[in-house]
Amino acid sequence: MSRDHLQPAPTGSAEAAYLDLLARDASAEAYEQPVLLARAGGEPAGRIAALEEARLLALRVRAELEGRRRREAELSALFETAHDLAGLRDLDAVLQAIVQRARSLLGTDVAYLSLNDPERADTYMRVTEGSVSARFQQLRLGMGEGLGGLVAQTARPYVTDDYFQDDRFQHTLAIDGGVRDEGLVAILGVPLMLGPHVIGVLFAADRRARVFERGQIALLGSFAALAAAAIDTANLLTETRSALAGLERANEIIRDRSAVIERASDVHDRLAELVLRGGGVHDVAAAVSQVLDGIVEFTEPRTAPAAAVEASRAEGHAVRHGGDWTAAVTAGGELLGALTLRGHPGLDPVDQRTLERAAMVTSLLLLARRSAAEAEQRVRGELLDDLLDARDRDPRLLRERAGRLHADLDAPHVVLAARLDGPAADADEAAAARRRLWSAASHLAATRHGLAAARDGGTVLLLPLATGDTATEVARRAARELGTAVHQPVTVGASAPVTALTARPEAVAAAYTEGRRCLDALRLLGRAGDGAAAEDFGFLGLLLAGERDVAGFVDRTIGPLVSYDRRRGTELLRTLEAYFDGGMSPARTKDALHVHVNTVAQRLERVGRLLGADWQTPARALEIQLALRLHRLATPGRL
């Protein structure tokens, strides 16, 4: 019997059949069966709708599980390759394993690795996986030719969706013939770097058009870094053997070099063991400290010694800076931090490489930690999106999902609407700033056992309210912490406290609307970069909070002016705002509007006819000014 075979769905929970499919890791097609069987059995429409909803949710869970398995497989392959490198004995075997794992994880038809030949001034195929063309496997390319030549020249990854239609690199008859024999169409190439020098290229290719994702390019780049490290280590072993053979005092040198290599092998084994058992960056620093007999510290990019880090990135090696040694921790060109060895000014080449290997392993651990953090951020954002948008969610499922994230939705919470208020040079800079805000908000939510999601050009947070705390205090703290994290003002509006969110998920959407009103009110009042709740705005706050009829108040107070301006294209509202801003002085009003004072008088006379003769009395004037502000708050583009 097939593992995907499913008996007719019971009349119980709609989720039961799909939980069983998830538990058995059934194929995607099997998830159609419960609905089909229910329809065939004449089940009620409500039952079928419940099954449809459960199917969509189960498919999302299945996709998330598959994504996590894929990421775990990628990290596992990188760790296995790092372990192979630590116990390097056969360079060809390590390179073959790297190429095989790259092809498997990227799901390409072919993967191959080429190395430069300085003596012949060309490059040749060293390892291939999945190739069927002997001509392709024996290709030798002149420097600067083909896509590999472009990668070698620029020391950057390049990808082509259609090799024969791409004119960014130099085509030759020999290369094109080999590629055509192999039937390749889409090709991705990343450089193998030793310091600033390109020593070869690692490729992944498909026999059909394909778009390689950014994560796949970074993954192939990590394999390329390991391949370069394997070649570097093999070169070191070759140099060592040559030196031993050429010296008269062979026994003494053998003892010295063996001790050095044994120490290097020991630290490689330690690092591999740390990685496999899930150690952190500080565990790596502690292990290397013991081996190098010094103090090794990991520093974040902002606190690392800038000059030493830039020199290490440029040279691709650990560099000496005063009495310390610094190795940049990078991944795909991004600076993740630095390892600094203190108290050890004298460092032989092998110990220097040991520090560099530790920096490489540290980058892998940081990438793994980032991947896990990003996955958790997405899950937190999806749960908050469901609370905001899908108000008919099952309370039990919401509570279970929140519990897995250590969030208690039954406790009092505050909904915060946050938005950047600093200037941006262009659209790209604005988008980057929004990404930084989302990242900072996600970190804040994770540390406070809350939720965060990107929405409406800003972020929305759901944070628990501590005993004795107020919504205003939460908003101000959030504005301060987020502004510090992104280095520009962040304005935060808070809702009144809400409770029992699993039983009343619609309360989250209403609270978010209230938080956005407070945020807009802060910006309207010139308090950008501050945080506040409705309780801070007095009578205005009463209108902003809850379900108050703000639109009705505005219509009753200045509705005739709004209608008159809309019908006739006049500027009575603008004139009235300038009149109040100028202390009810016609002279100052005409200066602000750049019109004649008679024009101001005529407009104010029209206002009096529309609103009544008592419109300038203190009580009416206060209501009209409040209505004008609320109208501006509710009108897009008038803030």
Side-chain angles (χ1 to χ4, degrees), residues 300-302 370 373-374 376-378 380-381 383-385 387-388 407 413-466 469-498 508-509 511-537 540-541 544-545 632-633 636-639:
E300 300 288 344
R302 286 182 293 179
R370 174 188 293 179
E374 289 176 350
E376 181 177 341
Q377 288 176 359
R378 285 193 296 272
R380 289 180 181 274
L383 177 54
L384 183 51
D385 283 335
L387 287 170
L388 287 167
H413 281 73
V414 174
V415 177
L416 306 177
R419 191 177 302 166
L420 292 165
D421 274 299
D426 51 38
D428 290 339
E429 183 179 329
R434 288 194 295 270
R435 287 193 295 270
R436 291 195 300 271
L437 175 61
W438 178 79
S439 178
S442 297
H443 177 73
L444 177 62
T447 57
R448 302 289 174 83
H449 303 296
L451 306 174
R455 182 165 289 238
D456 300 324
T459 59
V460 53
L461 298 93
L462 181 67
L463 298 182
L465 188 66
D469 222 345
T470 66
T472 299
E473 292 168 347
V474 174
R476 288 176 178 169
R477 278 200 305 269
R480 185 171 56 253
E481 294 178 16
L482 293 176
T484 301
V486 301
H487 305 292
Q488 67 183 88
V490 176
T491 307
V492 177
S495 72
V498 289
V508 179
Y512 174 55
T513 301
E514 180 180 331
R516 286 195 63 196
R517 291 199 196 106
C518 291
L519 185 150
D520 291 338
L522 284 172
R523 301 176 72 197
L524 177 66
L525 298 173
R527 292 173 57 185
D530 199 359
E535 62 193 24
D536 300 310
F537 293 96
L540 178 60
L544 293 173
R632 289 181 59 198
L633 188 66
R638 298 204 66 212
L639 292 181

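FYI, the numbering just counts along the sequence from 1. The structure displayed is predicted, hence computed values, not measured ones.
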* Below 4.5 Å, heavy atoms only, C-beta onward: do Thr491 and Leu519 meet side chain to side chain? -> yes
One should read off an interatomic distance between Arg480 CZ and Asp530 CG, to the nearest 0.5 angstrom, of 10.0 Å
Correct closest heavy-atom pair for Val490 and Ala418 would be CG1-CB, 4.1 Å
Closest non-hydrogen atoms of Cys518 and Ala532, given as atom of the first, atom of the second and distance, are CB-O, 4.2 Å
For Arg516, the salt bridge (Lys or Arg N to Asp or Glu O under 4.0 Å) test, sequence neighbours excluded, returns Asp456
Applying salt bridge (Lys or Arg N to Asp or Glu O under 4.0 Å) to Arg477 and not counting sequence neighbours gives Asp469
Q) Is it true that a side-chain atom of Ser439 and a backbone atom of Arg435 form a donor plus acceptor pair closer than 3.5 Å? A) no
Check Arg632 with Asp520, please: is the shortest side-chain N to carboxylate O separation under 4.0 Å? no
OG1 (Thr459) and CG (Leu437) are apart, to the nearest 0.5 Å, by 4.0 Å
Does the side-chain contact (heavy atoms from CB on, under 4.5 Å) test come out yes or no for Glu514 and Val415, once each step is laid out? CA-CA 9 Å; Glu514 180 180 331; Val415 177; over 6 Å; no
Interatomic distance, CG@Leu451 vs NE2@His413, rounded to 0.5 Å, equals 7.0 Å
Smallest heavy-atom separation, Pro464 atom then Gly450 atom, equals CD-CA, 4.2 Å
Thr472 and Ala533 have their tightest heavy-atom pair at OG1-CB, 3.8 Å
Taken to the nearest 0.5 Å, the spacing of Leu463 CG from Leu416 CG works out to 5.0 Å
- Can you check whether Val498 reaches Val508 side chain to side chain, under 4.5 Å on heavy atoms? no
Between Ala494 and Val414, the two heavy atoms sitting closest are CB-CG1, 3.8 Å
One should read off an interatomic distance between Arg434 CZ and Arg419 CZ, to the nearest 0.5 angstrom, of 11.0 Å
Taken to the nearest 0.5 Å, the spacing of Ser442 OG from Leu461 CG works out to 8.0 Å
By side chain to side chain contact (heavy atoms under 4.5 Å, CB included), Gln488 pairs with (sequence neighbours left out) Leu420, Ala433, Arg436, Val486
Closest heavy-atom pair, Ala485 versus Ala440, reported as atoms and distance to 0.1 Å, is CB-CB, 3.7 Å
